[in-house]
Number of protein chains: 2
Amino acid sequence: MESRELRYFVAVAEELHFGRAAQRLGIAQPPLSRAIQQLERRLGATLLDRTSRTVTLTEAGSVLLAEGRAALDAVDAAERRTRRAALSATGRPGLVLVTKASASRELLAKLLDAYAAEPGAVPVDVILCGPAEQERLLREGRADVALLHQPFDSTAGFHTEVLSTEGQVAVLPAGHPLTVRAHVHMADITGLPGLPLPRWPDRDGTYPPGPGPQVRDHAQLLQLVALGRACAVSPESCRTQLHGDLAAVPVLDAPKVTTVIAWPPHSRSRAVADLVRTATRLQ
Amino acid sequence: MESRELRYFVAVAEELHFGRAAQRLGIAQPPLSRAIQQLERRLGATLLDRTSRTVTLTEAGSVLLAEGRAALDAVDAAERRTRRAALSATGRPGLVLVTKASASRELLAKLLDAYAAEPGAVPVDVILCGPAEQERLLREGRADVALLHQPFDSTAGFHTEVLSTEGQVAVLPAGHPLTVRAHVHMADITGLPGLPLPRWPDRDGTYPPGPGPQVRDHAQLLQLVALGRACAVSPESCRTQLHGDLAAVPVLDAPKVTTVIAWPPHSRSRAVADLVRTATRLQ
DNA sequence: GGGCAACGATACCGTCCGGGTATTGATCCG
DNA sequence: CGGATCAATACCCGGACGGTATCGTTGCCC
């Protein structure tokens with residue numbers, strides 16, 4: 001199967017409309033129709049049920065949509081990583097590390113320092129992004145390594161090494177009655193009047209229904225807590241980022257958060273290997 | 001980048017010889033040369049250093065070789081899974097589960113029975129193969145799920161759920177002095193005179209140097225032990241497969257073996273999800 | 001119910017690109 | 001120095017891919 005065919009099919013499967021898909025692909029509609037027919041003939045499978053009014057995915061079609069996206073990602077990643085490898089032979093850019101903006105600055109700083117001290121270290125670019133975006137960047141070959149936080153991030157498809165495990169704290173507005181407690185339980189903070197837990201976007205960028213404000217990153221979250229509009233449960237290490245108008249109380253029964261360093265399999269790169277080794281040796 | 005270009009490049013990179021690569025691809029050499037040049041131009045990277053006598057990979061070239069193989073695997077997997085999805089809509093074949101021939105028959109039997117009892121269960125084909133082969137079958141889309149054994153198998157690139165953890169036992173010829181012991185340590189069985197630990201093949205099919213007979217599967221291993229030519233350290237569950245002329249003694253400090261069920265990410269299939277859910281509920 | 005609009009399929013055509021053969025040019029070997 | 005090997009170049013051809021025009025079907029709305 002050619003990747004062009006896959007791109008065509010994915011476009012149609014996503015748009016469920018030949019005309020729009022063709023437009024998106026920058027070709028006319030008839031060649032697209034033909035290409036899909038040809039693909040179906042070669043696969044011996046009907047991928048789309050189409051009337052002259054509506055296009056729907058068959059069972060086989062949804063499989064190919066999911067698998068095809070992954071395959072196209074892999075092809076793109078191969079291209080990008082090759083380009084980057086070629087550049088790094090001549091120019092500056094070395095490794096790209098991606099992590100959440102909310103991640104522990106301490107751990108990251110220690111890691112970058114330790115790695116920079118290694119013999120043969122290359123420059124490391126750090127990308128900070130919102131949750132769930134790291135996975136994409138890593139898969140698409142725009143980044144070489146990521147610091148992920150289980151159980152929030154999925155590590156599916158990557159190699160990982162555990163770096164640290166920490167408990168979580170409840171982040172509350174300073175002066176809130178609970179802040180005098182030495183510790184709390186989850187039950188204490190769910191359903192606090194006027195301080196709902198916020199909602200994070202799903203993998204696809206939509207928000208689950210329910211009460212609580214919508215947040216997209218940790219800064220927004222802290223802002224909301226400071227404003228007295230929400231409370232939060234965050235990894236302990238976020239304490240270093242709290243200002244005077246925020247307080248943190250350990251939550252005994254919150255799930256532990258594990259920070260892992262993740263990288264794509266097939267990574268032949270010595271730089272990635274060095275960085276990972278350095279990270280695991282940080283203890 | 002087109003998958004055809006990737007296939008061409010991978011062929012040349014593996015053969016390090018345009019003529020042989022062209023032959024393998026079923027095309028003539030000149031178009032292949034051109035295709036590679038074009039790929040290099042488009043990537044803006046030199047992939048191969050070539051004189052008229054020798055071809056070698058550049059740094060960027062090795063990256064593209066590794067990444068390109070993975071990408072091509074993904075494309076092939078997409079194709080195969082789609083074909084299978086289309087078939088299963090009409091014909092018999094449902095899920096394909098792959099596991100090592102040496103794996104616990106008990107666990108597998110329990111899993112298959114429990115799944116077959118589920119509503120909406122589809123037929124499950126079981127493939128038994130040697131170690132390290134499962135990974136390939138799963139990646140290539142020839143199988144839907146695998147039972148893997150950590151730390152022996154790599155689970156990189158897959159979703160996994162832990163099914164069970166067990167200790168290991170030393171497998172010895174019946175009547176060996178150590179078999180009267182209630183348990184042993186690793187130190188007791190490494191370097192036993194005349195009973196070396198066997199060598200397993202590496203990921204690439206070659207054997208590491210050293211003493212000890214070469215084995216490719218568990219049956220061979222047990223055969224060698226029974227013949228008094230080797231001893232072995234195996235998961236406890238292999239006890240059910242031992243005959244009268246073999247004995248097992250727990251090894252207290254051997255690494256624990258974890259059996260996991262693994263499946264490729266992107267699996268939209270309800271059947272895979274059901275099977276995994278059934279597996280995790282086995283406890 | 002008929003006419004219209006939307007949309008995918010079909011027909012047909014031109015062009016560019018992928019592949020083939022023949023040849024050149026460079027390098028290693030005897 | 002001559003021959004063999006192998007990648008690159010030159011040149012040509014056919015087919016596949018993309019474009020335009022059109023058809024046929026299906027909802028929809030007056």
Chemist: Within the 4.5 Å heavy-atom criterion, are A:V276 and A:H159 side-chain neighbours or not?
Modeler: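 Sidechains of A:H159 and A:V276: no contact.
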
Chemist: Just how far, in rounded Å, is P of D:dG18 from CD1 of A:I27?
Modeler: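 Going from A:I27 (CD1) to D:dG18 (P), I get 5 Å.
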
Chemist: To the nearest Å, give me how far apart CD (B:Q23) and P (D:dA7) are.
Modeler: 12 Å

Chemist: Go through the steps for A:V260 and A:L147 under the test side-chain contact (heavy atoms from CB on, under 4.5 Å), then give the verdict.
Modeler: CA-CA 6 Å; A:V260 303; A:L147 294 182; over 6 Å; no

Chemist: Output the rounded distance in Å from CD1 (B:I36) to P (D:dC6).
Modeler: 17 Å

Chemist: How many whole angstroms separate atom OH of A:Y8 from atom C1' of D:dC17?
Modeler: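 Computing the A:Y8:OH to D:dC17:C1' distance gives 8 Å.
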
Chemist: Is any side-chain N or O of B:R4 closer than 4.0 Å to OP1 or OP2 of D:dA16?
Modeler: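 So the side-chain polar atoms of B:R4 never come under 4.0 Å of the phosphate oxygens OP1 or OP2 of D:dA16.
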
Chemist: Counting only side-chain N and O atoms of B:R50, is one of them less than 4.0 Å from OP1 or OP2 of D:dA8?
Modeler: yes

Chemist: Is a side-chain donor or acceptor of A:R7 paired with a backbone partner of A:L72 at a separation under 3.5 angstrom?
Modeler: no

Chemist: For A:P31 and for A:T51, find the nucleotide of DNA chain D with the closest heavy atom, then tell me which residue's nucleotide is more 5'.
Modeler: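 It is A:P31, whose closest nucleotide lies nearer the 5' terminus.
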
Chemist: Taking the nucleotide of DNA chain D with the closest heavy atom to each, which residue, A:R34 or B:R20, is nearer the 5' end?
Modeler: B:R20

Chemist: Measure from the side chain of A:Q29, starting at C-beta and using heavy atoms only, and say which of D:dA21, C:dG8, C:dA22 lies closest.
Modeler: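 Within the option list, the nearest is C:dG8.
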
Chemist: Looking only at side-chain N and O atoms, does B:S33 come under 4.0 Å of OP1 or OP2 in D:dA7?
Modeler: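 B:S33 to D:dA7 OP1/OP2: no side-chain N or O under 4.0 Å.
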
Chemist: CG of B:L25 versus P of C:dG19: gap in Å, rounded?
Modeler: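 The answer, rounded to whole Å, is 9 Å.
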
Chemist: Is there a donor-acceptor contact under 3.5 Å linking the side chains of A:T46 and A:E40?
Modeler: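 Not at all, the side chains of A:T46 and A:E40 share no donor-acceptor pair under 3.5 Å.
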
Chemist: For B:R41 and D:dA8, what is the distance between atoms CZ and P respectively, to the nearest whole Å?
Modeler: 12 Å

Chemist: Can you figure out which of D:dA8, D:dC6, D:dA21 approaches the side chain of A:P30 most closely?
Modeler: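 So the nucleotide nearest the side chain must be D:dA21.
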
Chemist: Any donor-acceptor pair under 3.5 Å between the side chain of B:Q37 and the base of D:dA8?
Modeler: no

Chemist: In whole Å, I'd like the distance from the CD atom of A:E5 to the P atom of D:dA16.
Modeler: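 Rounding to the nearest Å, CD of A:E5 and P of D:dA16 are 12 Å apart.
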
Chemist: With side-chain contact (heavy atoms from CB on, under 4.5 Å) as the test, would you mind laying out the steps for B:R80 and B:E140 before giving the verdict?
Modeler: CA-CA 8 Å; B:R80 252 186 286 272; B:E140 289 177 350; 3.9 Å; yes

Chemist: Starting from P on C:dG8, measure out to CG on A:L32 and report it in whole angstrom.
Modeler: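 So the CG-P distance, A:L32 to C:dG8, works out to 9 Å.
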
